[in-house]
Structures are given as structure tokens and as C-alpha cells.
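Notes follow once the structure below has been shown.
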Amino acid sequence: MTHIENIKKLFSRNFVESPLLESFEVGKIYLSSGKLVACDPLITNDMLPFSVDFPKGDFSVLLHKERESNCVAYAEIIFSNSEISDWKLATTDGQNIKDLAEEEVFGYPVESGMGCFMDVDTQEQLNDLEKRLYHSKGVDFMGIYEEFFHDYFFDENGAIDQYAFLKPAEEHPGTIFAFETGYGEGFYASYIGYDKEGTPVKIVTEFIEIS
């Protein structure tokens with residue numbers, strides 16, 4: 001699995017040093033249960049959370065853009081500054097790395113050009129919001145992107161940014177971190193860095209492989 005070797009080189013330290021990447025700390029994501037979901041929120045909003053239990057609370061999120069294209073190459077959540085001793089492909093329940101052929105990965109498909117991180121509790125809030133909007137608007141319901149996501153990414157002057165933090169429910173503190181994915185559509189894997197105690201230190205989703 002050559003991808004994980006490349007992830008190890010880029011992300012095992014507390015900073016990313018590559019002339020091909022530009023890194024930004026963009027804000028914090030709130031995880032209420034520690035069950036993390038990564039998906040295209042418009043087509044796989046029922047995606048299972050990763051099998052690993054992550055810490056609960058607010059955690060820094062970073063984007064790493066490919067300098068040449070200004071496209072998002074990697075999205076990262078940092079849980080601690082502990083030294084990383086091991087990297088593993090992130091999996092959900094029922095996925096076994098032993099079942100993969102060489103160079104195959106588990107991940108999520110993107111068709112909308114958007115990916116995200118969110119807690120499974122926030123995923124439930126997003127799905128509830130979509131149901132409420134659908135039932136209240138009926139035939140006027142234009143879809144969850146137009147009804148919810150669009151205003152975070154576009155205003156009357158055009159595109160606002162390549163990412164946004166969204167709250168699907170005012171009464172719940174959970175946030176969705178949504179962002180443009182690489183060059184657009186594709187199938188994207190995530191990797192988890194662990195400390196020597198086996199506790200997650202960070203998770204990184206790869207959209208453009210930078211070596």
C-alpha cells in the first residue's frame with residue numbers, strides 16, 4: 001500500500017513540509033460522540049462511521065492544497081500532539097483490510113465534488129434536517145444542497161471559499177466540515193495516525209496524492 005507510506009512521510013510530524021503543498025488551519029470541528037463519519041454528504045449521507053473511537057470535543061482541522069492547482073489535496077483533523085508510531089487505513093464496520101487486493105483501498109465515493117467530516121450525531125441531525133425540509137416544502141424542495149449547503153459556499157458575488165463549517169441543528173453543537181475534494185469526483189481513502197498506546201493522533205483523507 002504505497003499511499004500509506006506517502007501519508008507517513010507527509011503527516012507523521014507536527015507540520016507538513018512539502019513545496020507542492022500549502023497548508024491552512026481552517027477552524028475546529030466538534031465531535032460529540034467520537035464516532036467520525038467521512039463522506040460526500042449529498043450522496044452517501046448514510047455512510048457508516050469509522051470503527052475507531054476518536055476523542056470527543058473540539059479539534060483543529062487543516063486543509064492542504066496543491067499549490068499548482070489550488071485544489072484540496074488533503075483534509076486533516078488533529079486530536080493530539082503525541083508522537084505517531086503507526087498509520088492504518090481507516091475502515092468502517094464490516095471492512096477488513098485483508099480482503100483488499102494490492103493498491104485497493106476502502107474509502108468513500110464523491111459525485112458532488114464535496115466531501116466532509118462530521119460526528120455520527122451530526123450526521124443524524126443533517127438527515128433529520130433534510131427530512132423536515134422535504135416534508136415542509138414538498139414539491140418546492142430543491143434538495144439538501146440548495147436548501148442548506150449552497151449558502152455556505154456561494155453568495156451574490158459568487159464562490160465564497162472551498163470549505164465551510166455548517167451546523168444542521170441550532171440545538172445541537174455538532175458541526176459539519178465540508179470542502180471541495182481534489183479535482184472533483186473520485187473515490188477517496190482516509191488514514192489514521194496512532195501513538196504508541198494505540199490512541200488516534202490524527203486522521204487524514206487523501207484527494208490528490210502528493211509525493
Side-chain angles (χ1 to χ4, degrees), residues 24-63 72 74-80 90-95 107-181 184-185 188 190 192 200 202-205 207:
F24 304 86
E25 184 169 351
V26 294
K28 293 185 181 292
I29 187 171
Y30 180 73
L31 304 182
S32 52
S33 74
K35 288 290 187 181
L36 182 66
V37 176
C39 68
D40 177 335
L42 305 186
I43 68 159
T44 52
N45 57 332
D46 58 349
M47 192 83 179
L48 291 174
F50 294 118
S51 303
V52 171
D53 286 328
F54 293 93
K56 302 173 186 177
D58 290 296
F59 302 101
S60 294
V61 180
L62 284 76
L63 284 185
V72 175
Y74 300 93
E76 175 184 15
I77 302 176
I78 299 175
F79 302 102
S80 79
T91 58
T92 62
D93 286 349
Q95 294 179 338
Y108 66 88
V110 170
E111 294 181 8
S112 70
M114 181 189 298
C116 79
F117 286 126
M118 58 182 165
D119 191 276
V120 71
D121 292 341
T122 310
Q123 181 188 43
E124 292 177 8
Q125 297 293 333
L126 176 63
N127 291 338
D128 286 345
L129 173 64
E130 183 172 16
K131 290 174 186 174
R132 290 199 307 272
L133 289 170
Y134 174 76
H135 287 300
S136 65
K137 294 200 170 190
V139 295
D140 293 325
F141 180 68
M142 296 185 292
I144 193 62
Y145 177 78
E146 289 293 340
E147 301 284 358
F148 179 60
F149 285 91
H150 181 271
D151 287 348
Y152 288 86
F153 288 91
F154 292 89
D155 62 18
E156 65 274 8
N157 298 315
I160 299 171
D161 213 329
Q162 293 170 292
Y163 64 88
F165 288 89
L166 306 84
K167 274 180 61 67
E170 284 301 320
E171 68 277 9
H172 188 274
T175 48
I176 303 166
F177 177 61
F179 46 86
E180 295 179 1
T181 52
E185 298 179 359
Y188 303 113
S190 300
I192 304 170
K202 61 178 65 174
I203 184 168
V204 177
T205 305
F207 303 101

Working to the nearest 0.5 angstrom, can you tell me the gap between [X] [atom1] and [Y] [atom2]?
X      : Y      : atom1 : atom2 : answer
Thr205 : Ile77  : OG1   : CD1   : 7.5 Å
Leu36  : Ile203 : CG    : CD1   : 5.0 Å
Glu130 : Leu42  : CD    : CG    : 8.5 Å
Asp161 : Leu63  : CG    : CG    : 8.5 Å
Glu76  : Phe79  : CD    : CZ    : 10.0 Å
Tyr152 : Tyr163 : OH    : OH    : 14.5 Å

Using side chain to side chain contact (heavy atoms under 4.5 Å, CB included), reason through Gln125 and Glu171 one step at a time and then give a plain yes or no. CA-CA 10 Å; Gln125 297 293 333; Glu171 68 277 9; 4.0 Å; yes

Please tell me if the side chains of [X] and [Y] come closer than 4.5 Å, counting only heavy atoms from C-beta onward.
X      : Y      : value
Tyr145 : His150 : yes
Phe165 : Val61  : yes
Leu126 : Leu166 : no
Lys137 : Glu147 : yes
Cys39  : Met118 : yes
Phe54  : Asp119 : no

Write down the atom of [X], the atom of [Y], and the distance for their closest heavy-atom approach.
X      : Y      : answer
Ser33  : Asp121 : CB-OD2, 3.5 Å
Val110 : Gly184 : CG1-O, 3.9 Å
Pro168 : Leu129 : O-CD2, 3.8 Å
Lys28  : Ser60  : NZ-OG, 3.0 Å
Phe149 : Met114 : CD2-SD, 3.7 Å
Thr122 : Ile176 : CG2-CG1, 3.6 Å

Just checking, any donor-acceptor pair under 3.5 angstrom between side chains of Thr175 and Lys167?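 Side-chain D/A pair, Thr175 to Lys167: absent.
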
Residue list, ring pair (Phe, Tyr, Trp, His ring centres under 6.0 Å) with Tyr30, at least two apart or on another chain: none

Salt-bridge criterion met for Lys35 and Asp53 (N-O under 4.0 Å): yes

Flag if over 12 foreign heavy atoms under 6.0 Å of OH, Tyr134: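 No, not enclosed.
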
Within a reach of under 6.0 Å around CD of Glu146, are more than 12 heavy atoms found that belong to other residues, nucleotides or ligands?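 Yes - once you tally the heavy atoms of other residues, nucleotides and ligands closer than 6.0 Å, there are more than 12.
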
Verify side chain to side chain contact (heavy atoms under 4.5 Å, CB included) between Leu31 and Phe117, making sure each step is shown before the conclusion. CA-CA 10 Å; Leu31 304 182; Phe117 286 126; over 6 Å; no

With no hydrogens and no angle check, is any side-chain donor or acceptor of Asp40 less than 3.5 Å from a backbone partner on Glu111?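 Here the side-chain-to-backbone pair exists.
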
Are Phe207 and Tyr188 close enough that their ring centers fall under 6.0 Å? yes

